[in-house]
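Below is a structure I'd like to ask you about.
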Amino acid sequence: MLRGRDSSITKRLTRMNILVSGAALLIAGAAFVGYDWVSFREAMVHNLSIQAQIAGSNSVSALLFNDPQSAENTLSALKAAPNIVSAGIYTLDGQPFATYSRDATGHLLTLPAIPPGQIEGHGFKDGQLVVVRKIVFEGKPTSIVYIRSDLNEMNHRLKRYAVIAAIVLAASLIAALLVASIFQRAVAEPIVHLAEIARIVSSDKNYSLRATPTGNRDEPDILIHAFNDMLSQIQQRDDALRDAHRELEERVEARTAQLAAANKELERQNREVERATQLKSQFLASMSHELRTPLNAIIGFSDLLAEKIAGQLTDKQERFVGHVRDGARHLLQLINDILDLSKIESGLLELRRETFSVSEAMPEVLSVIRPLAMAKKIRIEDAEETFSVSADRVRFKQILYNLLSNALKFTPEGGRVRVEGSSNGSLVCISVSDTGVGIRPEDQQLIFEEFRQAGETTRGVKEGTGLGLAITKRLVERQGGTIRVTSELGKGSCFSFTLPAGRAASQVQPEISPKACAVDPLEEGRKPLVLVVDDEPPARELLASYLEGEGYTVTTVGSGAEAVEKACQLRPDAITLDILMPGGSGFGTLSELKKTAETAHIPIIVVSVVDQKEMAFTLGAADYLVKPVQKSVLLAALRKHLRTTSGPANNILVVDDDSETLDVVSETLRSVGYTPHAISSGQEALELLSKVHMDAILLDLMMPEMDGFEVLRKIKDSPELSEIPVFVLTAKDLTETESRLLKQEVHALFRKDTSWKADLLAQLRKAVGKPALAKSVGQS
Amino acid sequence: MQVRSSRGTCKGTSLSALASRHRGCLSYLMALVVLGALIGTPLLYPQSSPTEYQVKAAYLYNFGKFVEWPTGVTASESSFNICVLGQDPFSSTFGTTIAGESIKGKNVLIKRIPRAQDAVGCHILFVSSSEEARLKEILAALDKTSVLTVSDMPQFTRRGGMIQFVTEANRVRFEVNLTNAERTGLTLSSQLLKVAISVRKSS
């Protein structure tokens, strides 16, 4: 505990003590020695002076009576004082009278001067003291006496003093050290002890240690008490902190447990939500299926009725059938919209984003819109757009279709609808403007809400589901775009939307290499002959120039009658046919060509400004292109149809669990000359396939027991069956995985909620060729 | 006869008295004496050196300093009287040697007395050699007086005198008969006795 020996405070105290006492002793010693030296000198001078006086006085008679011998006798008495080196008596004028010398040498020649007015003088010189005294006898100066003394005695004395002083100094220092050690114990020890405790506390963080108070009510004691108090406070705080820390840890533990529980609960809820979502998705899928299937039947049969396939109708019946068909279509549209909306709202909408050119998608939409516009005598203006967009192709067309049909709906007859686009590199902006009734400013935001058709009274039109714009808005926004409307009441509206721009490279995609086209025709060396039927010479020339540049031989005619004649005469490899021609619709020509045995096999591609695919396909058109037709599209269509082999392709297997669908499809196929085999289950379908050769299979996906996917897999797994083209007709909303799978395995996919009939027939024709005419005729 | 000398009288080689605080002619004389002693040669008196009687005159004066007179006739004298009895060998020497000096606070007076009876009041009496024949009567006449008797006649101290000048190797010295001196109540300083050639004490 006592580490006083090496503690600096002890050292310092000791040093201080030694210094203080040493300094005091030195000063005192020096003072005493100095004082003694001075007084000793004075005493020496005094003694010598007395001796001089005595000697002088005793020599007065000798001097006066001229007896130097007597004087020298007197002086010789100085022998008794061993310190006296020499002495002498001089006459007043400085002549020596009598002398004494201790060792017979060392006579002094020069005497110190006697200060004026005094009778004595002295001087220290060469370690000797000389005293000169004037002897006055009877009031008169009679002689001068000098005595010279060595300082041996004084030196001895000083030496003795020095030794004594050294001894005293040493003894005092020892005493001082002893005293200091006692005081150190009293002063330094508590401080050293305190420092040691502080060091231990600081290094060990042990706040329970306490310094021992000295017991005296002095400053170190106060310090120790204060230190102990501080330690107590720190200890208390330390404890409090530790408690708080423990409490915190407990709380954290508890909270962690709660969190874990909450997490588990969340997981459970999440699973439930997932399950609910799954259920909802299943519900939506089955809803779409359940709702569309009967509607499909209604539409299909009413179509068949309207086409008088089941026999002639009275006007009234025809009108009624028209109402049924329109109502059913409206209902189908409504259902589709609601399902779309609910899919979007529940986040189940799957977007297949791809980059494609706007100029590719636009004609497809316009081909649907143009006939409607034509019916209302509305002019559609569009610009050739060259930029690409990154979006879901189907949904993009849906957006465009919705906006265009909306514009048509609210534009009075003779109006104008304009569609145009622009791109700033990162965004594509497409706007659809009309010269319609316009929208009041206060309604401009409402129109994007569900079931809101702004200002019914103003518009005076009640048509559509009221969901189109709501869906459009959501579709745009889901694909990272915005939509807005500007409108002036009575003058028209302009809807514009933006979508992310696609990469520029994709624009080239639809172009087809001219060389590839030239090699394509069936027979090497012979240029395929195409008969172009159009009443307008510029259109004829345009088409002819397209084709002739690509290795086709072209013959043009300006009317349907000429067309039939030329076709019979030339037997062209393909015919392009305009519909709207003076002196007879193209449909008549189409029908006639198809009924003529010599020309029935010739693929006819309808190229028209109106879009009446259904009619055309029903009448046996191989393809339907809407003017203005792109060269690449025309060439692609020609290439496709020139390549297809004709042959007896009649057996079509139709698999669907819904008997009405089976009926409609079968009737439709039969109406164009195919031989449909209607089967209501997957198992039966496979059995039939093993016995009868089928040219194509039309497959429903949602069936009890064995669904369409399984049937498809079995077909594709079988070496005999895998080559048979398979078509899917379904009401199911496909997931991305499913549609990807089907895209690989299936020839084409048709949705029951769309106008699938024309597409189906066209695709069938492409895949398996035209049905045998005789049969077709016979069947119908 | 009182010889007073002023400062003016003490010039050159003259042995006139000295003023009390100033180095006087006596001092000069004494210095010469001392000088002779220092040289250690038999007392030589060069031309400028003091004559024998000049020295003796100074000694007479100095004796006064080492002798105490008893209270009585001499003590009551207002001056310090140095008397010369008989033929004066000093002639004018006193005048140049001790004139103006003082002893024990009294001015020194030089008296020449014809008879021994006239010696009353004298402190020191120099008995000239001329009086050798009458010495017995002279000393008898002075028997009851406190007079210091000094002479240079031979056998003076043996014949009842107190101090006798003796010339030794040309140095003037003296003998003392202490008994004779003390008989008349005089006290002679040991200092004086110390420098005497001999001190006779006859009972």
Side-chain angles (χ1 to χ4, degrees), chain A residues 50-78 86-101 104 107-109 111 114 116-119 132-146, chain B residues 17-24 26-43 49-50 55-56 58-67 80 101-106 108 163 165-166 168-176 188-197:
Chain A
I50 287 169
Q51 284 172 333
Q53 179 66 42
I54 289 168
S57 296
N58 286 338
S59 304
V60 167
S61 61
L63 195 77
L64 286 182
F65 296 104
N66 194 25
D67 188 357
Q69 191 59 51
S70 170
E72 285 187 358
N73 287 345
T74 304
L75 287 180
S76 67
L78 292 172
S86 65
I89 299 172
Y90 282 62
T91 58
L92 283 178
D93 52 359
Q95 301 302 319
F97 178 71
T99 57
Y100 160 78
S101 181
H107 284 284
L108 196 71
L109 293 179
L111 294 179
I114 296 169
Q118 293 189 17
I119 59 164
V132 180
R133 193 170 171 91
K134 209 184 267 179
I135 302 301
V136 176
F137 183 71
E138 292 285 312
K140 285 181 199 151
T142 53
S143 65
I144 292 167
V145 176
Y146 88 86
Chain B
L18 294 171
S20 68
R21 293 196 168 196
H22 297 276
R23 185 185 292 178
L26 180 64
S27 308
Y28 182 65
L29 173 72
M30 283 162 58
L32 290 176
V33 172
V34 169
L35 182 68
L38 181 73
I39 293 163
T41 54
L43 189 64
S49 295
V55 171
K56 285 176 180 171
Y59 276 24
L60 282 179
Y61 168 72
N62 284 343
F63 288 149
K65 294 174 181 173
F66 296 99
V67 177
F80 189 86
E101 294 290 336
S102 64
I103 292 170
K104 295 182 174 45
K106 298 175 179 175
V108 175
I163 295 174
F165 287 122
V166 178
E168 261 184 5
N170 289 337
R171 257 184 71 191
V172 178
R173 301 198 64 181
F174 60 88
E175 291 175 355
V176 176
L188 271 64
S189 161
S190 64
Q191 288 243 16
L192 187 66
L193 302 181
K194 193 170 64 181
V195 294
I197 297 169

Identify the two heavy atoms, one from A:Pro68 and one from B:Arg171, that lie closest to each other, and give their separation to 0.1 Å. CD-NH2, 4.3 Å
How far does OG of A:Ser70 sit from CD of B:Gln191, to the nearest 0.5 angstrom? 8.0 Å
Is any side-chain heavy atom of B:Asn62 closer than 4.5 Å to a side-chain heavy atom of A:Glu138? no
Angle class for the A:Phe137/B:Phe66 ring planes (parallel below 30°, perpendicular above 60°, tilted otherwise)? parallel
Which portion of A:Ser59 sits near chain B, non-hydrogen atoms under 4.5 angstrom: backbone
So, are B:Lys194 and A:Asp67 salt-bridged, with charged N and O less than 4.0 Å apart? no
Measuring heavy-atom distances to chain A, does B:Phe63 have an atom under 4.5 Å in its side chain, in its backbone, in both, or in neither? both
Among B:Val55, B:Leu192, B:Val172, find the residue that satisfies the side chain to side chain contact (heavy atoms under 4.5 Å, CB included) test when tested with A:Phe65. B:Leu192
Tell me the closest heavy-atom pair linking A:Leu64 and B:Tyr59, and the distance in Å. O-CE1, 3.8 Å
